Amino acid sequence: MGNSKLLLAVALLAACISSCGGDTADGEMGDHGDHGDHSHDHGSAIDLTDLSVRPEVSLVAEPDGSGGILLDIEVHGLELVPADAGVDHQPGEGHVHVMVDGSSVAMIADTSYHVTGLSNGNHTVMVTLSANDHRDYHVDGKVISDMTSVVVTGGT
């Protein structure tokens, strides 16, 4: 990749992280500003309805007793790549967007994640599959996702 393309890719990534909110290194919920509605959409969704083998995601979420949630995510039919792997859609690649109570908290390529800094009480956790350009993957008009509720203790 030439220097000018590399600089453009870095600038676009920095702009997205700045405006969309990035994943924090220690798993704490970052400031995602007005993106509480999961508005990372950079265009229309990518419809995978016609694929014979469709990507799937499942989620198990357990409270850690210290104001956090441990997530175990299973992804089938999609190669997980870092959220900053590139700005162009690559078929068969993507990452996971993690939301808690409707607010985006992370964009990850891992199958485990630790959300911290939550208040006591019931929280809804949702994971969605997204392309490299952050567009949601859809099947039959619905985002490929999984959601669960968790009761957090030991939090703020």
Side-chain angles (χ1 to χ4, degrees), residues 10-49 54-87 89 92-156:
V10 170
L12 289 171
L13 176 62
C16 182
I17 290 171
S18 174
S19 66
C20 297
D23 171 18
T24 58
D26 61 2
E28 290 186 15
M29 291 175 36
D31 178 18
H32 291 77
D34 61 345
H35 289 86
D37 64 347
H38 184 62
S39 58
H40 290 287
D41 188 7
H42 293 248
S44 61
I46 299 172
D47 185 11
L48 302 179
T49 302
R54 301 168 179 169
E56 298 176 348
V57 64
S58 62
L59 170 67
V60 174
E62 298 289 334
D64 68 3
S66 300
I69 303 171
L70 299 168
L71 305 182
D72 184 21
I73 305 162
E74 282 193 40
V75 176
H76 299 283
L78 187 71
E79 179 185 352
L80 293 179
V81 296
D84 60 358
V87 294
H89 168 59
E93 290 184 359
H95 57 272
V96 176
H97 284 197
V98 178
M99 288 160 283
V100 176
D101 300 328
S103 294
S104 179
V105 298
M107 297 176 284
I108 60 173
D110 298 313
T111 57
S112 62
Y113 188 74
H114 188 198
V115 179
T116 61
L118 297 173
S119 61
N120 289 331
N122 195 42
H123 294 277
T124 302
V125 181
M126 181 175 177
V127 292
T128 62
L129 295 183
S130 297
N132 295 354
D133 60 7
H134 302 284
R135 291 184 290 161
D136 289 328
Y137 283 120
H138 281 222
V139 169
D140 295 326
K142 297 178 184 173
V143 67
I144 300 173
S145 64
D146 197 13
M147 182 177 0
T148 191
S149 293
V150 179
V151 176
V152 171
T153 60
T156 57

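Bear in mind the structure is a predicted one, so any value in this text is a computation, not a measurement.
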Worksheet item: Of all residues at least two apart in sequence or in a different chain, which pass the side-chain hydrogen bond (donor to acceptor under 3.5 Å, both in side chains) check with E56?
Response: none

Practice prompt. State which residues pass side-chain hydrogen bond (donor to acceptor under 3.5 Å, both in side chains) with D146; sequence neighbours excluded, sorted by chain then number.
Written response: none

Fill in: Contact check, side chains of I108 and I73, non-hydrogen atoms, under 4.5 Å
yes

Worksheet entry | side-chain hydrogen bond (donor to acceptor under 3.5 Å, both in side chains) partners for D47, two or more places apart | T49

Worksheet item: How would you list, by chain and number, every residue that makes a side-chain contact (heavy atoms from CB on, under 4.5 Å) with T156, sequence neighbours excluded?
Response: S119

Item to complete: Taking side-chain hydrogen bond (donor to acceptor under 3.5 Å, both in side chains) as the test, write out the residues that go with H138, two or more places apart.
Response: none

Worksheet item: Who passes side-chain contact (heavy atoms from CB on, under 4.5 Å) against T124, sequence neighbours left out?
Response: D101, M147, S149

Fill in: Separation between CG of L129 and CG of D136, rounded to the nearest 0.5 Å
9.0 Å

Discussion item. Students often mix this up, so state it plainly: with edges at 30° and 60°, are the rings of H95 and H134 parallel, tilted or perpendicular?
Written reply: perpendicular

Item to complete: Start with the C-alpha distance between I46 and H89, add both sets of side-chain angles, then the distance that settles side chain to side chain contact (heavy atoms under 4.5 Å, CB included), and finish with yes or no.
Response: CA-CA 9 Å; I46 299 172; H89 168 59; 3.4 Å; yes

Donor-acceptor pairs under 3.5 Å, side chain of residues 62-71 to any protein atom, not counting sequence neighbours: which ones?
| from | atom 1 | to | atom 2 | distance (Å) |
| --- | --- | --- | --- | --- |
| D64 | OD1 | S66 | N | 2.7 |
| D64 | OD1 | G67 | N | 3.4 |
| D64 | OD1 | G68 | N | 2.8 |
| D64 | OD2 | H114 | NE2 | 2.6 |

Discussion item. I need the minimum non-hydrogen distance between Y137 and L48, along with the two atoms involved.
Written reply: CD2-CD1, 3.3 Å

Fill in: pair M126-V143: side-chain heavy atoms closer than 4.5 Å
yes

